[in-house]
Structure formats: C-alpha cells, structure tokens
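Inspection log for the structure reproduced underneath, given as structure tokens.
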Amino acid sequence: MSELFDAYLADLDDALEVWPARRQRILAEARDHLEDAADAQQARGASRDGAEHEAVAALGAPEALAGSLATGYPPPRLAAARWVAELGVTGAVWLSYAAVLGAELSPWALAWALMLQAPLYAIFHECLCRSLESTTSWGELEDAGRGRVIRALRARGSVARPKEAELVLEEATRRRRLIWWAAVLIAPVVLLFVVVVVGSLLSPGSLVSHPYGLSGAVSLIAFCGAVVVLPLKIARGESDRLDAAIRASRNVLGWSELRRPPTRRGSSRGRSTRTRRR
Amino acid sequence: MLCIADQRINPQVLKGHLESMLLASLRGGPAHGYAIAQKLCLLSEGVLDLPEGTIYPALHRLERDGLVKSDWAEVSGRRRRVYKLTAKGRRKVASREKEWKRVFRAMGAVWEGT
C-alpha cells in the first residue's frame, strides 16, 4: 500500500474513538475504498500518484470521517467505566446478600443478587449515564440564542460557519429530551433506595435481618459515588464530544471544501465534467 | 461504465434522504461501500454524486438499526465488507419509496399548477 494511504489510515486510526474490533473494520473498509477509488482513477488514465491523491481527497479529512463514524456510539472509555461500575456493584451486592443471609459466597447468593438487584441497578445506571451525557451545557447552548451560540463556538475555534452551529443545536435538542426521559425513569428507582435505606436506619435491626437493607445501603453508596464521579468524567469529556459532533457536522456540510484541489497532472479534476468508472 | 458527475446538486437537498438512497441502492443486491457510491452516481446520471466520507457512517447507522447487515466477502479477488438489506430494511425502503412518490406527485402537481 502507498505511503499516502498509510498516512491517511494512520491519521484515521488516531482520530477514531471506537472499540478495537470496530476500529479494525473501519480501517479495513477505508483501505479497500481508497484502493478501489485509486484503481478506478488509474484505469481512466491518471497517474498512480494522482489517483491516490484523488481517492484520499474524495474520502475527506480523516478527523471528519472519524467524527461521523463515532457519532451515536458511546466512547469506549465511558462504556468500560460503566461495565466496571456494574460489575463492582453486583459484586458488592453479592457479598452483602451472602453476609445478610449468613451464607457462603455461593452461586445461589450470586443468583439472588443478580436476580433482585442487578436489573434495577442496570436500569438506574443506564438512565444515570444518559442523563449525565446530556449535560446542561448542551441545553444552555440551545437557550442562549443562535448568535450567542455561534459566537461561543467560534471563540472556541470549533465552528467556522453558522450552519455548523445549527447542527450542534439540533444535537442539543435531541439530548435535552433525553434528560426528561431519564428523570422520569430514575425517580422511582431513587425513591425505592431512599425508602429502603431510611427504613433500615429507623430500624437498625432490619439492616442486617432484611436482605434489602444492606444491599440498599450498598446501592445508595454506589449511587452517591457515581453522582460525584461521573459528572467529573463527563465534564472532562464534554469538550471532546462537542468537537466530535462539530467534526461530524463539517463532514456533512463541508464535504465539497474537503475535496482538495488536484495534486496531479493529467487529472480530470478541474474540468467541468468529472467521470468515474464503475 | 462511466458516471458523469457534472450535475451535482446542493447537498442540503439530499439532507435526510441519504439513508433512503443507500437502502434503495441495495435492493438490486449486496454491494460494498465504493460500489454503492458508484451505483448511486450512475443510476442518478451523476446527480447523486455523494460525498464518499458520508457513506460509511450512514451505512454503519443503518446496520446498527438493523436495516442492513454486512459481512466480509471476496469481491473481484479482494476482501471487502459487503452490505445487504435485511427484511426490516426491505420494508423500510418500500415504505420510503411509497412516501417519496406521493411527495413527488404532489410537488409535480404544484409546479405544474403555477
């Protein structure tokens, strides 16, 4: 494979924020696409070098392609953190059930923990993650007014044109709806935890005698930890995600600009008619 | 076969229709990304010369939504990711086609009436 394709794929690899399996697939597809496009151009009479430049230019900036491909998929680091948190909580609940029931760490205790606690926690945790992903800064962008948003985004050096900001606003609106859905779904779960823990505190004996008491307390501690830690993680990643959304929007709106001028002689680029071979 | 791409239209006109076009192009049979782009360009006589960088994200979205599925296959001596319609995708493209034809007729009537 050519040095140009290698360089393009290396840039794409750097810009991608996806799981390794998907990364491999994207890189392989991009490589095939570039080779097909270059072969087609070459068959039309272009030099190999020119054909490769044409293929790279037509596929667009690697950062833009990576941003588009990542849109709609949770960043791997966040997803991994979620899985670790869920495993940790399930383990803690397992231990608590085993302690409360006075049993060994048997598969039965694990099954009991998973059956009663994990589904509730999974729903609660998913809702929490979704609500935190919809951080208020997106909503603020929406409310601030178009001119202010554009100024703010330009000040960040992220957006060059008003149309890009409009796409960001669409994304903000979509995410803001998620906050309401998450709030509606989280409320009963949080209420359940509060009732269980308050009940346990009012009657300390039940904390050890009732299986829900200790597991409720463990879950609440995990909940408090998540409430403190996750917003910090999300806030740190917010800037990156916003930029990714902007890159994605640029790929939709600015593709014609991304097609760089020809770098080869004898190309059909620059003529009024561009042809391609199937 | 050559694709004449001198009649490209404003990409904003296509906004929201890219995925339908991709689904429609797969009705004729499985194809890989580059072939899909070429097919759309050829069938539309160069009007739908889509930006190549937008095709793969759209195909991945369609796959995530269960409208297409993909697999590696040997095509012309080269290993490629080939996409094909699912049953859900076929239903979707049929309903989109019906919807689009209705809009097309309505718009035609308005243009002719003015």
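Throughout, protein chains are lettered first and strands after them, A, B, ... in sequence-line order, and every chain is numbered starting at 1.
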Take B:Y34 and A:E35 through the test side-chain contact (heavy atoms from CB on, under 4.5 Å) and record every step on the way to the result.
-> CA-CA 10 Å; B:Y34 185 74; A:E35 285 175 357; over 6 Å; no
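Counting heavy atoms from C-beta on, the side chains of B:R80 and A:H33 never come closer than 4.5 Å. In this structure, the side chains of A:D36 and B:H32 come closer than 4.5 Å at one or more pairs of heavy atoms. The closest side-chain heavy-atom distance from A:L69 to B:H60 is below 4.5 Å.
Nearest heavy-atom pair, A:D39 versus B:R78, reported as atom, atom and distance to 0.1 Å: OD2-NH2, 2.8 Å. The shortest heavy-atom contact between A:L65 and B:G53 is CD1-O, 3.2 Å.
A salt bridge links B:E63 to A:R25: one of the charged nitrogens lies within less than 4.0 Å of a carboxylate oxygen.
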